[in-house]
Amino acid sequence: MELFISGIGGQGVQLAGKVLALAAVAEGRHVMLSGDYGGHMRGGSSVGTVVVGPGPLRALPVLPSAGSAIAMHNQYWENVGGRLRPGSLILAEASIAPALPGMEGHRLVQVPATAIATEMGARMAAGMVLLGAYAAMTGIVAVDSLVAAMKEQIPVYRRQHIEANERAIRAGADALPALGAPFDLDGAPLREAV
Amino acid sequence: MELFISGIGGQGVQLAGKVLALAAVAEGRHVMLSGDYGGHMRGGSSVGTVVVGPGPLRALPVLPSAGSAIAMHNQYWENVGGRLRPGSLILAEASIAPALPGMEGHRLVQVPATAIATEMGARMAAGMVLLGAYAAMTGIVAVDSLVAAMKEQIPVYRRQHIEANERAIRAGADALPALGAPFDLDGAPLREAV
Amino acid sequence: MSLTLFEGSEAIAEAAIAAGLRFYAGYPMSPATELLEHLARKLPASGGTCINAATEIEGVNMAMGAAAAGFRAATGSCGQGLALMQEAIAESALNETPLVVFNMARNQQDYFQATRGGGWGDYRTIALAPKDLPEAVELTQLAFHLADLYRVPVIVLGDNLLARTQVSVDVGRRDFGPLPPKDWQLDGTSGGSGKSRQIWTWGAGKHNTPGPGPSVHWARIAEKFDRIAETEMRWEEGFVEDAETVVVAFGTGGKFVEHVVHDLRGQGHRIGFFRPVTLWPFPGEALERATANARRVLVFELNAGQMIDDVRLNVRDRRIVRPIGGVSFDSSGLNLGPLMDATVIRQRILDTLEGATL
Amino acid sequence: MSLTLFEGSEAIAEAAIAAGLRFYAGYPMSPATELLEHLARKLPASGGTCINAATEIEGVNMAMGAAAAGFRAATGSCGQGLALMQEAIAESALNETPLVVFNMARNQQDYFQATRGGGWGDYRTIALAPKDLPEAVELTQLAFHLADLYRVPVIVLGDNLLARTQVSVDVGRRDFGPLPPKDWQLDGTSGGSGKSRQIWTWGAGKHNTPGPGPSVHWARIAEKFDRIAETEMRWEEGFVEDAETVVVAFGTGGKFVEHVVHDLRGQGHRIGFFRPVTLWPFPGEALERATANARRVLVFELNAGQMIDDVRLNVRDRRIVRPIGGVSFDSSGLNLGPLMDATVIRQRILDTLEGATL
Amino acid sequence: MRTVTRGTLVIAEDRCKGCELCIAACPPNVLTMSRTGNRLGYLYPELKPGCTGCTACQQVCPDFVFEVFKFEDPVLFDTPPEGARPCP
Amino acid sequence: MRTVTRGTLVIAEDRCKGCELCIAACPPNVLTMSRTGNRLGYLYPELKPGCTGCTACQQVCPDFVFEVFKFEDPVLFDTPPEGARPCP
Amino acid sequence: MTLIDTRQPPEQASRKVADYKPSLLQSEEHGLCPGCGEPVAIRVVLEVIEELGLAQNNIAVLGHGCYGGFIMLLDVDSTLCLHGRAPATATGIKRMRPDTAVWTLQGDGDMVNEGLAEILHATARGENITCILLNNGVFGDTGGQMTAASVIGQRTKNSIDGRTADDHGYPIAIAELVASLQGSAYVARCSVHNAASIAQTRRCVRKAFQRQTEGQGLSLVEILTMCPTGWFVAPEAGTDYLMESLGKTYPLGEIKDRAAAPAATAE
Amino acid sequence: MTLIDTRQPPEQASRKVADYKPSLLQSEEHGLCPGCGEPVAIRVVLEVIEELGLAQNNIAVLGHGCYGGFIMLLDVDSTLCLHGRAPATATGIKRMRPDTAVWTLQGDGDMVNEGLAEILHATARGENITCILLNNGVFGDTGGQMTAASVIGQRTKNSIDGRTADDHGYPIAIAELVASLQGSAYVARCSVHNAASIAQTRRCVRKAFQRQTEGQGLSLVEILTMCPTGWFVAPEAGTDYLMESLGKTYPLGEIKDRAAAPAATAE
Ligand SMILES: Cc1ncc(C[n+]2csc(CCOP(=O)(O)OP(=O)(O)O)c2C)c(N)n1
Ligand SMILES: Cc1ncc(C[n+]2csc(CCOP(=O)(O)OP(=O)(O)O)c2C)c(N)n1
Ligand code: SF4
Ligand code: SF4
Ligand code: SF4
Ligand code: SF4
């Protein structure tokens, strides 16, 4: 299974990718994670790529195509949208979803992630909401694995955010019924995970 | 015409080579001069090679053979002796001449250079005596050219030696009658000066 | 096998430590900085030493010192930093201190540097170019083994993608067999014995234990490199038996090419790939065999044409050799640019096949 | 023509000054020390500047600065010193400052360094290897011309014999034709104009006058080097038309080979010689033509085999290519050793001809 | 309260990176950080009455955000003057 | 005159490079340079009576030319003693 | 709260007393981090160059560091040279163009790590150039690693709990080393942590360039600058952290001033 | 004149009080010039190493210079490293072998020119090594050119009438620079121009090694040595010339001594 996470610097794209990757590794899967971002500045393009498979991966670090994506922002989306295979799953932050071009032939799921996160008083945790929703919808990793991975990843001096992040992940997963049917990644026109 | 000058460090081999070369250039000839000596220390091997020709030279800086030599010391002579073509002219400091091996087939001329120089109170000028004798015997450069070249070459802070050197050169040249007939370098089995 | 998710640099750091690395001295330069950072955290924990060298030149000479003392030692940087290390890399070849140098290159422009060096004297550096992280873990450990086996410098040539991609990988120790004892190492104990040890490029030895002197010493080293050239070639190839077209690429580029060639085979193209794993010694004979039935050889490298010399040297007259890579950077000048992309590579290959019967 | 007796280094210094050298910064290292000493005496007298740089790295960067300011500038050393300069030589290629670097090498082991460098990025250095002093005077002046013409680094590769042999030679100025104006030079006057100048490897330009950025800038430079490769090849050859054996050698070695081949021709051997004058660009096509009728190509170089790669690259399948040189030093490690000798070369050639019909 | 105001600013708020150096630097303490982010999401300074036109903010700002003006005649603010925005 | 001599030397004269540092270093001034050269043509030091065995010469000599001995009992020289060479 | 409209110039009669940027910058946009002190220092240098009438008679030589990005913005003839080598490159330029003001811009990583030899040798030779050091005690550009100028106790990426002498040795106070060499004409250490220190920086930079014009030898102004990113502190905490860390070890002030030549204009 | 027979040991009862060479030299024969001070200094160092019982517990790191020839003679584990880099190479060795006495031998060209950065950085880090500098103010090995340590007025191959500040700048007093850095434990400047100065050199070298054993940090002993060849003076004039030139600019004496650790044997 391959996933692109797309957003802008400062939204937590790379963290989300890392958490998903760690969760998958913890579950015994083989994982590749690559990040593409322009420097340390806010506001630039930020893309994370996660590949998960049952055995050794042959995936390229610059993935030519994928079957699913998380869209946190519409800016820079072109980098990612064009590389989705037909019938891909796209989880999009609801506020920007309408601005995403080229959604035909894909399954677009709008997640009010920012709203949910803001409601919980943790506006920056929108990425975690999306991650929870993605895990729940695809079953690629257990939600508890995500939570554990998030805890492992957060550095000591950011410990105060752990609890909010956990709630965000779970809230995203809990939103599943509202978002629609689960998505069978393998059902997508997906070759062996190269 | 090619000449090897062979001796040990401290005897003035390199100076002699340089003076002959400068004299030849002053007379409009093309010249190549190379020196081979092991560091700055006294007592090591010192060989100077001088090639003079009427036009541009094709001589190699490590000369495979030559038709004449000046021997100032018998130590390290092998380096040079083996590279002399049959019938070469060898001007040797008289005191070491008997110790030179392989003189058959060559014309060996013994010059009491050290004796002449010591007599003049300038023991270190033996090389200049040999040079004067060589010039007179071969006619390769005029003795006056040698003197002028020597003056040009001696550094300012050694000015005091100029006079003794001049006398040494002329004494060497003056010894010609005692040393025997002039030597026709071109008569030696000498190819075009390559 | 125990998998852990590592950033490329971190996995290489772990692999080096597993291989017995005891000393590292590095200087920051993107994208080699992280290797230094990981080792600075991890190496002391395993009883080793990691120094933030004040310059690349300091770093490489420190590592040479540690190697001379008999310990596995390394340094690292990327192209410019390695440029500054050329004198020392040559020295390590000529004074026979086993030294591992990581080049986490910004791109693929350091092929000449890795294979021909820019130091002085007749020396070579074994250059290992992994295609991905699992191979990098293997080759990192092999690098230390080969360095000790032959007493030579070994370069591990990675790139930006390798350094920064995160992969689940097993970094456990690999075993490459026994090694000769380091009876040459400087341990300080043989002073006054009349047989004290010496590490010196000139190979002149000591008064009591004279060496052969520079000419013979260097000629022997040249012979050693000839031996290495014969025995240490490594490569990977696929679908070459009946391939009309063979695509040659190294490092990460080789992985991309492999991927594309797989695809094209699936679509019926008679195409194969060849990837030198050791850039030096270049697996020339293997390439000759691999291209024996081919009509054309394509070379994909992200530079203006460096490895292509080695390909041409080894592919005989009949085959056409054609470059399909090029200079490729992003605007920061630090990252592999638009050409390191499977779609682009695929297109470039197809373009060269146009009009050809496959 | 006015002849003066010069030591090799002195003649090269004079030639450089005649060519308009205005700035030299060097650091002593045998046998390049004398070049520095002569320039330190002579350059100021002609209105130039010569600095005893504190290190080779300082020296080369000073020279790059002087070149950036628009003046003919050079530095020099031998192999190890040049190893330290690799970063800067590459930089001068990539930021397009015309820089001349003298390598008064200890031997012939710096061929790879001169032709493949050890810097970073896709760059080349024009490398001129004179066979003797008259040619060195010519090529020294040409070096400055080519550096300005193409805005590239040019290496003049001499050796111990060239530097230290004294020859009567004419060092007068040679004319190689017109050059483009240095409208890129930093003269400090365009500040505040909105069009101030920039010399920078990344090629990104200024805000008001943007450059193409690194990828395109470097690709353009690579194309420039391709152009140079096509137009600036220089070589010398003799007796090749009907030669069964062609001996290839460079620099002083080429002079020795030429001498020996003359001799052997005189004795009826069907033998010729080929000497690349530009080591890069290597005159490959010319070599191909020169060996078109040959059966074997012998390569004489005083190293473990470096130029032979370029020979093999350009000599087609049918010809046998065989090395007849080798590592050769005296015990000081500084001087060309016993192999640079006409008698030895002659013997080695004859040995390879044994049993062959000539 | 009426505040004597001798100077004023143009603030290129979209260039601000929210470092708050200007806030600390302003002698009369008339700069305050906004509550919402700019284009890049950074909070940026806003000006209250009382600026002296001393240029301290302009001097310390790493992002060249300020242009500083001095009024020919001091201006007195007691109510939001024309053109001033109410606090959001 | 009889000179009390407490020490003596072995001088490896062929290793001497004639720098004369020992001459200046010798406190009792009992070293003097030879008149003829050694194997390499250098003049070398010779020892007159009166050495104290202080080792100064050995310390300053760059060429490791000296071995220094102290007599168990001081020796008195007034004529050339056995083994001493006359001044050439 | 009453807020003034700051989106356009005031309607009231007024005159502009300070512009966004110095006129020798081509643009205000740069990529440096929030709270970075380097742009502030660069502003000062450019303004001094203009004040002294050197705008059309100066050449800048930049090292490698965050400030290097300003190569695209500086409206003066400039080169970005190799890491650490700016004083050498500047020497080559200055010797060829002795009447042009030649100045270098380096960080502490560039000058004190990679370029230690070059700055000291240029000083010893008495090269008549002006060197500006932006000292933030870290390699900012590569992510905040410790440099040879990081002070004891300072946070860096490899010393998150503060540099210790036991693990990493002691910092090098480059200004004092340069001042101790005879070839230096003027050495000062300044800072940009507040408006007053910036004003003082301006005075020192001006003197430094004047000493060059007078031909007195090498002048160095070390400017302590904030690097909150590299120190892992909040941008607004940068100035305080600067003075608590680098500021404590490296005292501000003029360290050396070779008496101006009589002909020179008095300061 | 009465001359003593010095061709063999005396017949009279006597004991040998001084040997040709230190026992840590494999041979007395070396290729250095007449009147060179370097072999004298090397003797002192080797004798101290033996005295301190470090003969079988030390590693020497030699630079490039005339003294480099001693790599073939030193009977201690040794390496001749790259020009200028001895303190870096020694750092690598010492860190791996902390209980071994590691020392470097460099000339002024090696240390103050090519290796300025390495010695200063090693000092700043407080590397626990002993550095011996043989300072003759010239590159002896390449024929006597000026170094960064040649003093004003000194004759060298490129300053036959004496170095001038105008043409070549000022010398660098490396011992003072090293002493000024916090990582140095012991710094002294000595000379070998006469027996008394040699004795003093011995005392300083001993302390330098002791500081290493005590783990106090970097110790440096700069030893002024004669190079009559490089100065173009007669060998016998070398000692006087040394003290008139280098000796005047570089005062002899201990420059720094970090108090010995309590446990250490008192000097
Ligand atoms: C030879 C070389 N080594 C390393 C680098 C990587 N590098 C680029 S910028 C930099 C740090 C510079 O730090 P500093 O000069 O302190 O400036 P800052 O980034 O803190 O402003 C380094 C190490 C390089 N460009 N060249
Ligand atoms: C990189 C490099 N540059 C230059 C040299 C040439 N070189 C050899 S010895 C030497 C001089 C050393 O002088 P110093 O250290 O003062 O020692 P001395 O010869 O005076 O004893 C130099 C420059 C070298 N070996 N390596
Ligand atoms: S100009 Fe002075 S008073 Fe006005 S806002 Fe800026 S710092 Fe405050
Ligand atoms: S100093 Fe500049 S960048 Fe920082 S908050 Fe103020 S306006 Fe914004
Ligand atoms: S031991 Fe002392 S007294 Fe005897 S010769 Fe030597 S210096 Fe003179
Ligand atoms: S000090 Fe030594 S080398 Fe010099 S003259 Fe005396 S014995 Fe000879």
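Because the structure is predicted, anything quoted here is derived from the model rather than measured. We name chains A, B, ... by the order of the sequence lines, and we start the count at 1 in each one. Just so you know, these numbers use all the heavy atoms, side chains as well, and skip hydrogens, waters and symmetry mates.
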**Prompt:** Can you tell which of H/A234, H/S14, H/G37, H/S197 has the highest number of heavy-atom pairs within less than 4.5 Å of chain F?
**Reply:** H/S14

**Asked** Got a sec: does the CZ of F/R6 have more than 12 other heavy atoms crowding it under 6.0 Å?
**Response** no

**Message:** Return the OG1 to CD1 distance between F/T5 and H/I4, rounded to the nearest 0.5 Å.
**Reply:** 5.5 Å

**Asked** Hey, does F/Q58 have a side-chain heavy atom less than 4.5 Å from the side chain of H/Y20?
**Response** no

**Request:** Taking the side chain as every heavy atom from C-beta outward, state whether F/V65 and H/E28 have any pair of such atoms under 4.5 Å apart.
**Result:** no

**Message:** Please classify the contact of H/V17 with chain F as side chain, backbone, both or neither, using a heavy-atom distance under 4.5 Å.
**Reply:** both

**Prompt:** How many angstroms lie between CG in F/D14 and CD in H/E29, if you round to the nearest 0.5 Å?
**Reply:** 9.0 Å

**Fill in**
In short, F/C19 meets H/G35 closest at the heavy-atom pair CB-N, 3.2 Å

**Item:** Interchain contact, H/I42 with chain F, by part (heavy-atom threshold 4.5 Å)
**Value:** neither

**Asked** When rounded to the nearest 0.5 angstrom, what is the spacing between CZ in H/R43 and CZ in F/F64?
**Response** 5.5 Å

**Request:** Counting only heavy atoms closer than 4.5 Å, note whether H/P228 contacts chain F via side chain, backbone, both or neither.
**Result:** neither

**Fill in**
Heaviest contributor of heavy-atom pairs below 4.5 Å to chain H, chosen from F/V75, F/L21, F/T3, F/D63, is F/D63

**Fill in**
Bottom line for F/C16: the part with an atom under 4.5 Å from chain H's heavy atoms is neither

**Message:** Show, in sequence, the C-alpha distance, side-chain angles and deciding distance for H/L3 and F/K48, and conclude whether the side-chain contact (heavy atoms from CB on, under 4.5 Å) test is met.
**Reply:** CA-CA 5 Å; H/L3 294 179; F/K48 296 184 288 186; 3.9 Å; yes

**Complete:** To the nearest 0.5 Å, atom CD of F/E46 lies from atom OG1 of H/T2 at 12.0 Å

**Side chain, backbone, both or neither of H/D19 within contact of chain F (heavy atoms, under 4.5 Å)** = both

**Request:** Report yes if some heavy atom in the side chain of H/Q8 is under 4.5 Å from a heavy atom in the side chain of F/E67; otherwise report no.
**Result:** no

**Request:** Give the minimum heavy-atom separation between H/I198 and F/V60, together with the two atoms involved.
**Result:** CD1-CG1, 3.6 Å

**Fill in**
One should read off an interatomic distance between H/Q12 CD and F/F69 CZ, to the nearest 0.5 angstrom, of 11.5 Å

**Item:** Non-hydrogen side-chain atoms of H/T6 and F/L47 separated by less than 4.5 Å
**Value:** yes

